[in-house]
Amino acid sequence: MTQSDTPHLVLVDGSGFIFRAFHALPPMTSPDGVPVNAVYGFTNMLARMLREHVGTHLAVIFDAGRHTFRSEIYPQYKAHRPEPPEDLRPQFSLIRDATRAFNVPSIELQGWEADDLIASYACAVRKIGGTCTIVSSDKDLMQLVGDGVCMLDPMKQTPIGLPEVEKKFGVLPEKVVEVQALMGDSTDNVPGVPGIGPKTASALINEFGTLEAVLAAAPDMKKSKRRDMLIEHAEAARISRKLVELACDVPLPEPIEDLRVRELDKLTLADWLESMGFRSVLSRLGVSHPAGAHAHRVAHATAHASINGAAQTAATPAPSESTPNAALLAAPYSGYETVRTAEALQKWVSAAQEAGLCAVDTETDGLDPLNANMVGLSLATAPGKACYVPLRHEGTLEEPAGEQLSVQAALELIRPLLTDDTTLKIFQNAKFDLLVFDRAGLDYASITAVDDTMLMSYAQSAGLHGQGMDELSTLHLGHTPISYDSVTGTGRNRVPFAQVAVARATEYAAEDADVTLRLWHVLRPTLRTNQALALYEQIERPLSPVLAGMEKAGIAIDRAELGRLSEDFAGRMAVMEKEIHAAAGREFNVASPRQLGEILFDEMGLKGGKRGKAGAWGTDSSVLQDLADQGHDLPEKVLAWRQLAKLKSTYTDALLRQASTEDRVHTSFQMAITTTGRLSSNEPNLQNIPIRTEEGSRIRQAFIAPKGKKLISADYSQIELRLLADVANIPALREAFALGQDIHARTASEVFGIPLEGMDALTRRRAKAINFGIIYGISAFGLSRQLGIPAGEARSYIDAYFARYPGIRDYMERMREQARAQGYVLTPFGRRCYVPTINEKSAARRQYGERQAINAPLQGGAADIIKRAMVRLPQALKDAGFSARMLLQVHDELLFEAEDHEAKAVAALVRNIMESAAELSVPLVVETGIGHNWAEAH
DNA sequence: ATGTAAAACCAG
DNA sequence: ACGCTGGTTTTACATA
């Protein structure tokens, strides 16, 4: 080591590092079975510090004990900290072993936090003219940055200097304590001033300079909640400042000169690394190592753990990484034509037909295609070559819209193009434009030869990124199109598209068509290379006009009945509200969970409250139900009130508002939202109409068939479990389905070893919960909570389940492996479901990714199957001579409207088509029902 | 005034 | 952190 006059002291925040590494790294164990992931991360980091010899002096600083001067002045300080997790506890002493093995001094001092020691060493080294690097990402240490002191993020290996501190706190390091005093810190229980967050705090400090100056200025501020809070909580802020300010004058347990970087004792180090199984560290250090054991990672850990992140698995290149050809990138996104005459439009139509393809886009005065009017349309025939046809622009006195074709005239000119099945029409989200044309007078069903870039992208990248045009353009073309907001303005400056100047509208709208066309050129080849062509051509693309028809049809509601329900709910809520206020002892907003929490747990002093992330009391239904079960009156009443409030606001009132003058509600199905291939429904969401409670089912009764007709419901029975039996190839489950047995009872019989005959309800319920749990990627914790049994018991159920059905465990592991290796899993029909979080460092997020990977093929496979049936059904109904219409899809259920006299025959046909939509190793079973309303049919 | 996050709860 | 996939409403708060 070189001697140097100006020491450079590296201080490693050992305590901070342990927690961060523990949560960031996958679980792993040493050869003798002790969890060591945090130790491994620490060892790697320390090795790196020594290898890159960033400093002349080095020490690792630890916390010592829980009691410090901070808990003296504020007993709640860090009081809510839970005990460290079980897997972390044995690692604390191992990390101290690591410092010894590396011959690095470790320093701690009773009564002081590591942060204070670090601050004191930093001050001391600065005083003697040296420099200091603090290896930590703890924001509390950022106040020390500057003047020879900098920080280094130990995981990301990125420096934290003045710019980073300023970005984080909005002020320079010397003002950080002032900001922290105002904003507080919930993780350490530093109170701060309520209602003041990072933004407000830094704004105040930048204005007044110090906490004291802010507090002094508070009484003169304009009257506001903020002013009152500053005055009321001034003392809390002063205490907070004392809590966050680090002590610079702690006596140094080791003089700085003793911290000079020491020689490694390679044998000691190699021995220790060997005992921990850290062979990779050994070889990286260039220390010769004896042959032997290596780190054994537990079953669920990725094999690519590394704090450098160097060995991340690479997902298969997404379509985004394909290189668009040069012509696509070269043509400018400008120079578009405004089309104002029949002749000009005719020329564009001819050009499109000559090219054999074009992109089409419509502009409207609204986002609901069933109520929006066409304001203009655009065509693109080649990259960079596009036009806009204004139709309903209004213009102003200074800037008249100029000559425009009528909607009628334009439609007649473009009809031959749209109905020409030798010219491909490319849309981004075709369903929307189809319905816009339909409303304008051009039957959507007559539009042929359609491609949809949104669906082309979704079919190969669900879950990887959004499928909006702007996002796809930025991703694949490297070009960000003009935003809609910049054209129409936002907030109260927003104008309808019809009032946008035609020249500006042309730049925007023609570009959209141009971008759509270019996206097609990029996505078309990748559909094949990503093996998504069949999925797109046979499922997604043909489904689009089917959904358009369903949205257009809508479903009839019983307006009078919904009105009565609303009244009924309102009346009962009013009574309950009075009772609730009486029981609470004062009036409050029953709809406010926060106020309710204060009443229950602060004022009434009830026990059993849990605080959420933001520190607010949790008052969800499980909490209230627990309190009700203890005999408390108020929580039970609130539960009942909430149920009615939900039903009224979300369903009865909203449906009455949304229904058309013909008393039908028209949902919108989103085709490219979910990560699994499911549809979603919104405005209104008709996929979550209540059914599970008595009150809720009254709302379903208000969805009706018009006079002379019936509703028919057809739903797949246990489709996801059938897929599981098929995909995981579980003989017992397959047999049960083949025999038409009660699948949950059969599971109970297999797993608990009791006869199928006379199965008791409780045991069956447990088996059912496990079956569903498997589909969702179960944990013992989750199952225990679901069933209200101890976690240990739940664990033993799961073990018994896996012992009986080892194929399911294999399936789960296969999906985890696939997701890790490729970044996605596949449904049985080849749909890719990306799982972007699968290789994350945080254990929680990674496990979430693993559950997604297990669930997606089942949920997505079911979505594929019902979509296949939906694509076939309209034609099948028509071919059979039925006038019946498909109205809704609810994931495993389809709802139809049919003439009274054909209802039974329609139900039989529907069942047939749905059951034959896929050929699995287990039968698909569909149950149908017929009724005057949805509740009856289901 | 307008936008957004968090909490709560509806469905499969 | 705590089983998967969604959407809507409300409150509470930050920002224009």
Side-chain angles (χ1 to χ4, degrees), chain A residues 23 85 194-200 203 225-226 462-463 490-494 589-597 612-624 638-639 642-643 645-651 653-654 658 667-670 673-693 695-696 699-700 715-716 718-720 769-786 791 794 798 812 833 835 842-860 862-863 866 889-893:
Chain A
H23 291 291
I196 294 195
K199 302 286 176 190
T200 316
K225 197 172 148 195
R226 179 184 303 168
T490 57
R492 50 177 153 33
N493 298 322
R494 172 159 250 149
N589 182 352
V590 184
S592 165
R594 180 187 284 212
Q595 292 180 31
L596 178 65
K613 283 181 214 151
W617 291 110
T619 67
D620 69 18
S621 62
S622 73
V623 172
L624 296 188
V638 173
L639 277 173
R642 274 192 187 165
Q643 193 203 0
K646 177 80 180 177
L647 295 178
K648 181 169 187 295
S649 69
T650 310
Y651 299 106
D653 290 355
Q658 306 237 16
T667 185
S668 175
F669 288 106
Q670 307 303 310
I673 294 290
T674 69
T675 52
T676 58
R678 272 191 177 185
L679 300 177
S680 77
S681 155
N682 64 10
E683 292 180 16
N685 182 356
L686 296 186
Q687 291 183 321
N688 72 343
I689 300 302
I691 188 170
R692 293 178 190 177
T693 66
E695 301 291 357
I699 290 167
R700 226 167 240 240
D715 69 286
Y716 283 108
Q718 310 286 8
I719 187 164
E720 292 185 8
I770 303 177
N771 275 334
F772 280 110
I774 293 294
I775 291 175
Y776 296 145
I778 201 163
S779 72
F781 180 94
L783 184 65
S784 73
R785 218 171 44 139
Q786 174 74 30
I798 294 171
M812 293 169 74
C833 305
V835 188
S842 141
R845 290 205 279 187
R846 197 172 54 249
Q847 284 160 10
Y848 172 53
E850 291 174 355
R851 295 192 295 269
Q852 290 179 306
I854 291 161
N855 174 258
L858 306 175
Q859 191 182 112
I866 196 168
Q889 188 251 42
V890 193
H891 308 309
D892 63 0
E893 174 188 8

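Chain identifiers are assigned alphabetically (A, B, ...) following the order of the sequence lines, protein sequences preceding nucleic acid strands; residue numbering begins at 1 within each chain. Fair warning: this is a prediction, and the values are worked out from it, not measured in the lab. No hydrogens, no waters, no symmetry mates; every other heavy atom, side chains included, goes into these values.
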Separation of [N] [atom2] from [X] [atom1] (nearest whole Å):
X: A:R642; N: C:dT11; atom1: CZ; atom2: P; answer: 12 Å
X: A:L647; N: B:dC10; atom1: CG; atom2: P; answer: 7 Å
X: A:Q595; N: C:dC13; atom1: CD; atom2: P; answer: 10 Å
X: A:R594; N: B:dA5; atom1: CZ; atom2: C1'; answer: 12 Å
X: A:M812; N: C:dG3; atom1: CE; atom2: P; answer: 13 Å
X: A:R846; N: C:dA1; atom1: CZ; atom2: P; answer: 13 Å

| request: Write down the distance separating the C1' atoms in B:dA5 and C:dG3, rounded off to the nearest Å. | output: 24 Å

| field | Euclidean distance for P, B:dC9 against C:dA1 (whole angstrom) | value |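 Their P atoms lie roughly 22 Å apart.
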
| task | Would you check if there is a donor-acceptor pair between the side chains of A:Q643 and A:T693 at a distance under 3.5 Å? | result |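 Short answer, yes.
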
| query | Got a sec, which residues hit ring-ring contact (aromatic ring centres under 6.0 Å, His included) with A:F772, two or more places apart in sequence or on another chain? | reply |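 A:H744.
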
| field | Listed nucleotide nearest any side-chain atom of A:D620, set B:dA7, C:dA1, B:dC9 | value | B:dC9

| Any A:S779 side-chain nitrogen or oxygen under 4.0 Å from OP1 or OP2 of C:dA1 |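 Checking C:dA1 against A:S779, no side-chain N or O comes under 4.0 Å of OP1 or OP2.
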
| said: So A:V590 and A:L596, do their side chains get closer than 4.5 Å, heavy atoms only? | reply: no

| For A:N589, which contact category applies under a 4.0 Å heavy-atom criterion: base, sugar-phosphate, or nothing? | sugar-phosphate

| For A:L858, which contact category applies under a 4.0 Å heavy-atom criterion: base, sugar-phosphate, or nothing? |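 It contacts nothing in the nucleic acid.
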
| request: For nucleotides 4-9 of chain C, just jot down a letter per nucleotide in 5' to 3' order: B, S or -, based on protein non-hydrogen atoms under 4.0 Å. | output: BBBBBS

| task | Kindly state each residue pair satisfying salt bridge (charged side-chain N to carboxylate O under 4.0 Å, His left out) with at least one member in residues 674-689 of chain A, sequence neighbours excluded. | result |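 Found A:R678-A:E720.
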
| Per the atom types in the model, does the base of C:dG3 pair as donor or acceptor with the side chain of A:R785 at under 3.5 Å? |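 Flag unset: no donor-acceptor pair detected.
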
| said: A:R700: which residues meet the side-chain hydrogen bond (donor to acceptor under 3.5 Å, both in side chains) condition with it, sequence neighbours left out? | reply: none

| message | Once salt bridge (Lys or Arg N to Asp or Glu O under 4.0 Å) is applied, do any residues pair with A:E695, and if so which ones, sequence neighbours excluded? | response |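 By the salt bridge (Lys or Arg N to Asp or Glu O under 4.0 Å) rule, A:E695 matches A:R572, A:R698.
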
| query | Mind checking what makes salt bridge (Lys or Arg N to Asp or Glu O under 4.0 Å) contact with A:K646, not counting sequence neighbours? | reply |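 Salt bridge (Lys or Arg N to Asp or Glu O under 4.0 Å) check on A:K646 returns nothing, list empty.
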
